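Note that this is a predicted model, so its numbers are computed, not measured. Counting convention: from 1, in listed order, for ligands and their atoms alike.
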Amino acid sequence: MVEDHGGRAAWSGGPGFVLAAIGSAVGLGNMWRFAATTSVSGGAAFVLLYLGLTLAVGLPLLLAELSLGRRMRSGPVGALRSAAGAPGLLLGGAFAASGFLIFSFYAVIAGWTVRYGVTALLSGLPSDPGAYFGEVATGWDAALYHMGFVAGTAGVVGTGIRRGIERAALLLIPFLFAVLVALAVWAAALPGAGDGFAFYLRPDWSDVLAPRTIAEAAGQTYFSMSLGMGAMLTFASYRGSGGDLPAEGTVIALSDFGVAFLAGLVIFPLVFALGFEEGVIGLEADQAEGVLFLALPAAFHGLGSLGRVLAVVFFAALAAAALTSTLSLLEVVVSTAVDELGVGRPTAAAVGGAAVAVAGLAPAHSLGVLGLLNTVAGEIMLAAGALAIAVVVGWVVPDPVAELEKGAGRRIRRLLPLWLLALRWVVTPITLLVLLLMLMEVAA
Ligand code: TRP
């Protein structure tokens with residue numbers, strides 16, 4: 001068997017692993033949440049804060065997950081049980097549960113992207129995106145697209161790590177990058193694009209160091225980098241011990257940041273140049289789907305047949321980004337079933353997919369349920385999971401630096417004690433603060 005290291009499935013090598021992990025990280029979170037949050041939270045000032053948090057919080061946490069997964073060679077339940085005994089077992093179970101819950105609402109939104117793309121292709125997007133969104137966002141059609149997306153995800157995950165997940169990332173991630181770069185260059189040349197840049201990046205320093213803004217940015221980092229529920233941990237469990245995890249983690253973190261930033265460079269100039277800025281001004285992060293599903297379709301519609309082509313390409317790229325993310329969400333559930341229950345991979349993917357297809361009926365029928373799942377699983381459970389990872393790797397596991405030293409270059413090895421310090425004294429307190437603020441917001 002090729003796809004094997006010590007009896008366990010494996011990536012073809014470093015690039016395959018890095019690409020799949022970028023695929024997990026880069027998703028709908030990069031395309032809507034980041035741009036919307038930036039525009040209301042300080043523009044360029046927020047971008048700098050977010051980059052700082054990506055490096056000071058996201059990257060140390062990512063390396064913590066990667067090192068634990070590779071060291072234990074197991075999905076979240078097995079890895080955390082080996083690291084922390086019975087409490088770890090519960091924690092791993094909670095991770096698989098968050099993967100399941102996030103998948104159930106995320107695939108509904110992913111279904112919208114497919115729906116928009118198909119409509120643009122077949123008949124063109126309608127002139128009133130508000131009415132259209134109201135029609136397609138909930139109901140049996142939404143449920144059907146959701147199920148189709150879940151079935152596609154299960155098909156790829158069931159095919160395997162290397163022939164399924166890695167190959168999908170290899171095809172889809174370069175496509176996504178190419179589409180975004182081309183659109184950004186094209187949008188920058190539109191007359192009036194400058195107002196969009198000014199709005200997106202207008203630096204406002206007054207709020208960036210407020211605890212709320214920091215918490216908002218950190219919460220966005222966990223979600224965007226797929227941290228706090230064992231997705232990256234699971235991916236690293238399929239990585240051989242020769243790889244340079246610190247270098248690979250840095251590439252993953254910076255790519256995730258880069259795509260989020262780039263998406264804003266597409267969205268704002270385009271929306272402003274075409275005069276649909278009322279659709280994005282003053283938007284809160286939790287109304288952020290308005291950018292993708294209302295303001296942008298309006299702008300595409302205003303461009304006539306060119307807009308129709310752009311809409312097809314753009315929504316195809318969004319769906320591609322979403323798919324490489326849902327692969328990692330389902331993989332956490334599947335690897336748990338394979339490792340702990342000894343179920344075969346295709347069976348686990350089919351059963352897990354069927355269960356998510358059913359669970360998604362609720363968010364597919366109610367935006368309220370969708371928002372609730374996002375808050376509970378996409379925000380609170382991730383922050384709690386991130387805190388748990390920081391504590392387990394920072395304090396419980398013996399000699400955490402040793403695993404990252406394997407395969408790392410000498411210069412990076414000298415920086416690793418700094419990583420442990422950051423994990424203990426930057427990631428842990430900030431994540432605790434984020435979790436408390438999130439809980440207070442829910443209680444209020
Ligand atoms: N990171 C993805 C995005 O930005 C979503 C995602 C995939 C995710 N896997 C995850 C989020 C695991 C949290 C945990 O869209």
Honestly, for Leu382 the part within reach of ligand 1 (heavy atoms, under 4.0 Å) is side chain
Heavy-atom nearest neighbour in the protein, as seen from atom 12 (C) of ligand 1, with distance rounded to 0.1 Å:
Met229 SD, 2.9 Å
Are more than 12 heavy atoms from other residues, nucleotides or ligands located less than 6.0 Å from atom CZ of Arg167?
no
Going by the closest heavy atom to atom 8 (C) of ligand 1, which one wins out of Ser226, Ala231, Ala322, Gly23?
Ser226
Verify the distance criterion only: is there a donor paired with an acceptor across the side chains of Ser328 and Ser226 at less than 3.5 Å?
no
Test side chain to side chain contact (heavy atoms under 4.5 Å, CB included), reference Pro363, set Ile109, Leu373, Leu372, output is Leu373
Indicate yes or no: does an N/O atom of Ser328 lie under 3.5 Å from an N/O atom of ligand 1?
yes
Ring centre gap for Phe235 and Trp11 strictly below 6.0 Å
yes
For ligand 1 and Leu227, I'd like to know whether there is a polar contact (N/O to N/O, distance under 3.5 Å).
no
Which option out of Ala25, Ser325, Gly230 puts a heavy atom nearest to atom 4 (O) of ligand 1?
Ala25
Heavy-atom contacts with Ser224 under 4.0 Å: which atoms of ligand 1 show up? List them by number with element.
1 (N), 4 (O)
N/O of Phe223 under 3.5 Å from N/O of ligand 1, yes or no?
yes
So if I count the atoms of ligand 1 from 1 in the order they appear, which ones are less than 4.0 Å from some heavy atom of Asn30?
4 (O)
Begin from the C-alpha positions of Glu403 and Lys406 and carry the test salt bridge (charged side-chain N to carboxylate O under 4.0 Å, His left out) through to its verdict.
CA-CA 6 Å; Glu403 180 64 33; Lys406 289 182 203 158; 2.9 Å; yes
Can a donor-acceptor pair be found between the side chains of Tyr238 and Glu331 at a distance below 3.5 Å?
yes
Does any N or O atom in Gly29 lie less than 3.5 angstrom from one in ligand 1, N or O only?
yes
Any Lys/Arg nitrogen of Arg8 or Asp339 sitting under 4.0 Å from an Asp/Glu carboxylate oxygen of the other?
yes
Using distance alone, with no hydrogens and no angle criterion, decide if Arg33 and Ser224 have a side-chain donor and acceptor under 3.5 Å apart.
no
Could you list the atoms of ligand 1 found under 4.0 angstrom from a heavy atom of Leu28?
15 (O)
At what distance is the nearest protein heavy atom to atom 15 (O) of ligand 1, and which residue and atom is it?
Tyr106 OH, 2.6 Å
